[in-house]
Number of protein chains: 2
Amino acid sequence: MADIKPFGKALFLREEELRRGIELMYFAYRDFTGEADSILAEQDMGRAHHRAIYFVGRHPGMRVSDLLAILNITKQSLSRVLSTLVTDGYIIQKTGAGDRRQRLLYLTEKGIVLEARLTEVQGRRFAAAYRNAGAKAVEGFQHVLQGLLDAETRSQIDRQDQNE
Amino acid sequence: MADIKPFGKALFLREEELRRGIELMYFAYRDFTGEADSILAEQDMGRAHHRAIYFVGRHPGMRVSDLLAILNITKQSLSRVLSTLVTDGYIIQKTGAGDRRQRLLYLTEKGIVLEARLTEVQGRRFAAAYRNAGAKAVEGFQHVLQGLLDAETRSQIDRQDQNE
DNA sequence: GATAATTGGTCAACATGGCTGACATAAAAC
DNA sequence: GTTTTATGTCAGCCATGTTGACCAATTATC
């Protein structure tokens, strides 16, 4: 990947630029999750709980298998956090009307409150970053992030976008 | 991206847009680290080893305390991975010339090879995403990511940029 | 030159959240 | 009526974060 060419359009692909992206991605993700982690720690929960609460809040009535597909973890891993969330009253499971094998997932009032609080701190951070960078930058940001996704993740997201 | 906005400039700050960012960040970070994780697993290493190798490669001769400051973890956590990396011959520690308490960190040849391999797969992904999105988008991407950082992280990065 | 501070390391114990493998039950589908 | 699907559970392993206590070598300070 020599790319010494002193002019030409692909100059931004230099190794330095790529490393900059790699590092920014690491630091930004870490800081972006930090605040929520603190709130969760108060509640004796971790990031895994957050993800479950977040996506159930996003897709009320989703099936367990849907959540598993989104998170891409084993059902044993999910089960650990899901059962504590149900026990502690953040999530309720309702038997599916059509298919009674399904346990459709919903946030309780308590769950809705926590989800809102967590999404608010993360949303604030994004709102500030977005406002500061401007609408054009936001577009570019989303475009690049989409390009970093695995093909499967991308099609998964696309499918979701259509069902709304 | 519906983009219906009939009027008003700050419309992109709506909750949907923020949630889109939150989710993209989660999925992109996960997928972005996935490939490297696979390579590391072959070597019986994890992400923590990767971070150490990466930053030592980036700042040869750095002190242990510098690495700790960058990673923002405890020395006990770092010690665990650092000592295996030294034992397995990826990193060497040289006593500081001026201050003999310091153990300056360097990659070995073996370490350099592994670092290059890991950075290459991540760099490829970024290069593809960058190429696809265009230079303007890359600028926006970096701008937004910087806006997501904690103030301390930002000043830390700035300081580093100056020392180069 | 004695004392204090810095740099780095170590032992032990604990929590979180991934993983595999094996197995169980209820409901639906064929 | 058998098979498949959706979900859950037990048991154990691993990686990587944490806290707390303590130690040695070296440097800096009074």
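Proteins come first, then strands; the chains are lettered A, B, ... in the order of their sequence lines, and each starts at number 1. It should be emphasised that the depicted structure is a prediction, and the values quoted were computed from it without experimental measurement. Values reported hereafter were calculated over all heavy atoms of this structure, with side chains retained and with hydrogens, waters and symmetry mates removed.
- When rounded to the nearest whole Å, the span between CZ of A/Arg63 and P of C/dA27 equals 17 Å.
- Place B/Asp99 and A/Ala97 on DNA chain C by their nearest nucleotides, and B/Asp99 ends up nearer the 5' end.
- A straight line from CG of A/Asp66 to P of D/dT5 spans 16 Å, rounded to a whole angstrom.
- You'll find a donor-acceptor pair under 3.5 Å spanning the side chain of B/Gln76 and the base of D/dG20, going by distance alone.
- Annotation for A/Leu107 and A/Val56: closest pair N-CG1, 3.8 Å, computed over non-hydrogen atoms.
- Between B/Ser77 and the phosphate of D/dT16, there is no side-chain N or O to OP1/OP2 separation shorter than 4.0 Å.
- Here A/Gln93 reaches the OP1 or OP2 of D/dG8: one of its side-chain N or O atoms lies under 4.0 Å away.
- The CD-C1' distance, from B/Gln102 to C/dT6, rounds to 10 Å in whole Å.
- In this structure, A/Arg51 and B/Lys75 both approach DNA chain C, and ranking their closest nucleotides by distance from the 5' end singles out B/Lys75.
- Taking the six-membered ring where the residue is Trp, A/Phe141 and A/Tyr130 present perpendicular rings, their angle passing 60° and hence far from 30°.
- Cation-pi geometry between A/Arg30 and A/Phe32 is not satisfied (NZ or CZ under 6.0 Å from the ring centre, within 45° of the ring normal).
- What separates NE2 of B/His49 from C1' of D/dC14 is a distance of 12 Å, to the nearest Å.
- Regarding A/Leu40, its CG atom lies at a distance of 16 Å from the P atom of D/dT18, rounded to whole Å.
- Remark: A/Ile157 CD1 to A/Glu152 CD distance equals 11.5 Å, nearest 0.5 Å.
- Between B/Ser79 and C/dG9 there is no side-chain polar atom (N or O) within less than 4.0 angstrom of OP1 or OP2.
- Straight-line distance from the CG atom of B/Leu82 to the P atom of D/dA15: 17 Å, rounded to whole Å.
- Nucleotide C/dG18 holds its P atom 14 Å from the OH atom of B/Tyr29, rounded to whole Å.
- Put simply, the side chain of B/Arg80 and the base of D/dG17 share a donor and an acceptor less than 3.5 Å apart.
- The nucleotide whose nearest atom lies closest to any side-chain atom of B/Arg103 is, among C/dG17, D/dT18, C/dG8, C/dG8.
- Minimum heavy-atom separation, A/Ile22 to B/Gly123: CD1-N, 4.1 Å.
- Between the side chain of A/Arg101 and the base of D/dT5 there is at least one donor-acceptor pair of N/O atoms closer than 3.5 Å.
- For the pair A/Arg100 CZ and D/dG8 C1', the interatomic distance rounds to 17 Å; values are reported in whole Å.
- OP1 and OP2 of C/dT7 both lie 4.0 Å or more from every side-chain N or O belonging to B/Ser65.
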